[in-house]
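Quick note on labels: first sequence line is chain A, next is B, and so on, each numbered from 1. From a predicted model like this one, the values you see are computed outputs, not experimental measurements.
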Amino acid sequence: MNKFVVIDFETTGLSPNLGDRATEVAAVIVDGDRITDSFQSLMNAGVAIPSYIQQLTGISNAMLREAPSCQKVMQALADFVGDMPFVAHNASFDTKFLDAEWYRIQYKRRQPFACSMLVSRRIYPHAPDHKLGTLVRHLKLPTTGEYHRALADAKMTASLIIKIQNDLQEKYKLASVPHEMLCILQKSPKDAIANTIMKTKIKLGL
DNA sequence: TGCCAGGCCCTCTTTAGGGCCTT
């Protein structure tokens with residue numbers, strides 16, 4: 001079974017180390033080439049959202065006043081994802097916010113992250129750029145037309161990673177593209193992608 | 001006082017600097 005969770009956070013800024021907090025989280029389960037379940041919630045950390053981020057995401061301070069606490073949402077997220085490995089676009093960003101929010105409820109992440117941005121840079125080197133929205137348009141993937149909301153972005157990332165898996169399966173005659181291969185591929189030298197894939201194919205018995 | 005992310009990647013590099021990407 002090759003299941004993983006695509007996760008996306010909306011936040012008050014770029015760095016939990018500088019006091020920024022999550023305002024919304026979404027997670028979608030990808031099983032094979034389809035989304036089988038999803039989780040989404042706004043979350044109230046009791047901090048104000050800067051106006052330029054309210055404009056970017058459409059998430060207002062008034063919306064968060066009605067939202068459940070971060071503690072409740074993060075516990076529910078932990079229950080939803082279980083031990084499934086993660087995928088995110090620019091995963092270093094979502095990793096640091098997930099770890100920071102889970103740390104607040106004394107919960108420690110055990111599963112690895114794969115990054116759809118790092119993999120995309122290797123698989124689609126000639127894309128105009130590797131922003132999520134650009135890749136979705138470039139590859140003609142389905143969208144809801146909504147951007148910078150957690151569930152919409154998580155679904156787009158899921159579509160992107162399914163496209164990557166399908167393209168790799170077709171090009172390199174792979175039976176599947178497991179999460180472990182994505183983790184290896186995102187660290188591969190750019191001029192050695194084919195070699196990395198063939199070595200990993202043998203190692204994982206694909 | 002003033003400033004403040006950070007990991008990855010490229011190159012006019014490696015004793016460094018700057019762009020990308022996320023909100």
- Task: Mark up nucleotides 17-23 of chain B, 5' to 3', with B wherever a protein heavy atom is under 4.0 angstrom from a base atom, S wherever such an atom reaches only the sugar-phosphate, and - elsewhere.
- Result: ---BBBB
- Task: Just jot down the ring pair (Phe, Tyr, Trp, His ring centres under 6.0 Å) partners of A:Y103, sequence neighbours excluded, or say none.
- Result: none
Enumerate, atom names and distances included, each donor-acceptor pair closer than 3.5 Å involving a side-chain atom of residues 199-206 of chain A, sequence neighbours excluded.
| from | atom 1 | to | atom 2 | distance (Å) |
| --- | --- | --- | --- | --- |
| A:T200 | OG1 | A:T196 | O | 2.6 |
| A:K201 | NZ | A:Y172 | O | 3.4 |
| A:K201 | NZ | A:K173 | O | 3.3 |

Please report the distance separating the [atom1] of [N] from the corresponding atom of [M], rounded so that it comes out in whole Å.
N      : M      : atom1 : result
B:dC4  : B:dC10 : P     : 27 Å
B:dT13 : B:dC9  : C1'   : 12 Å
B:dG6  : B:dT23 : C1'   : 14 Å
B:dG18 : B:dC12 : P     : 15 Å

Solution key, residues 34-53 of chain A side-chain donor-acceptor pairs under 3.5 Å, sequence neighbours excluded:
| from | atom 1 | to | atom 2 | distance (Å) |
| --- | --- | --- | --- | --- |
| A:Q40 | NE2 | A:E24 | OE2 | 2.7 |
| A:N44 | OD1 | A:G46 | N | 2.8 |
| A:N44 | ND2 | A:L64 | O | 3.2 |

- Message: Can you see if the side chain of A:N17 gets near the phosphate of B:dG6 - specifically, an N or O under 4.0 Å from OP1 or OP2?
- Response: yes
Please write out the pairs of protein N or O atoms and N or O atoms of nucleotides 10-13 of chain B separated by less than 3.5 Å, giving the distance to one decimal.
| from | atom 1 | to | atom 2 | distance (Å) |
| --- | --- | --- | --- | --- |
| B:dC10 | OP1 | A:K190 | NZ | 2.9 |

Which pairs of donor and acceptor atoms, one on a side chain in residues 131-139 of chain A, lie under 3.5 Å apart (sequence neighbours left out)?
| from | atom 1 | to | atom 2 | distance (Å) |
| --- | --- | --- | --- | --- |
| A:T134 | OG1 | A:D129 | OD1 | 2.9 |
| A:T134 | OG1 | A:D129 | OD2 | 3.4 |

- Item | Residue list, side chain to side chain contact (heavy atoms under 4.5 Å, CB included) with A:K108, at least two apart or on another chain | none
- Straight-line distance of A:F97 CZ to A:D8 CG, nearest 0.5 Å: 11.5 Å
Please tabulate, for the side chains in residues 10-23 of chain A, all donor-acceptor contacts under 3.5 angstrom to protein atoms that are two or more places apart in sequence or on a different chain.
| from | atom 1 | to | atom 2 | distance (Å) |
| --- | --- | --- | --- | --- |
| A:T11 | OG1 | A:G13 | N | 3.2 |
| A:T11 | OG1 | A:G13 | O | 2.4 |
| A:T12 | OG1 | A:D20 | OD1 | 3.3 |
| A:T12 | OG1 | A:R21 | N | 3.0 |
| A:S15 | OG | A:N17 | N | 3.2 |
| A:S15 | OG | A:L18 | N | 3.4 |
| A:D20 | OD2 | A:L14 | N | 3.1 |
| A:D20 | OD2 | A:S15 | N | 3.0 |
| A:R21 | NE | A:E101 | OE2 | 2.8 |
| A:R21 | NH2 | A:E101 | OE1 | 2.9 |
| A:T23 | OG1 | A:E10 | O | 3.0 |

Side chains of residues 66-81 of chain A: which donor-acceptor partners sit under 3.5 Å, not counting sequence neighbours?
| from | atom 1 | to | atom 2 | distance (Å) |
| --- | --- | --- | --- | --- |
| A:S69 | OG | A:K72 | N | 3.2 |
| A:Q75 | NE2 | A:D79 | OD1 | 3.2 |

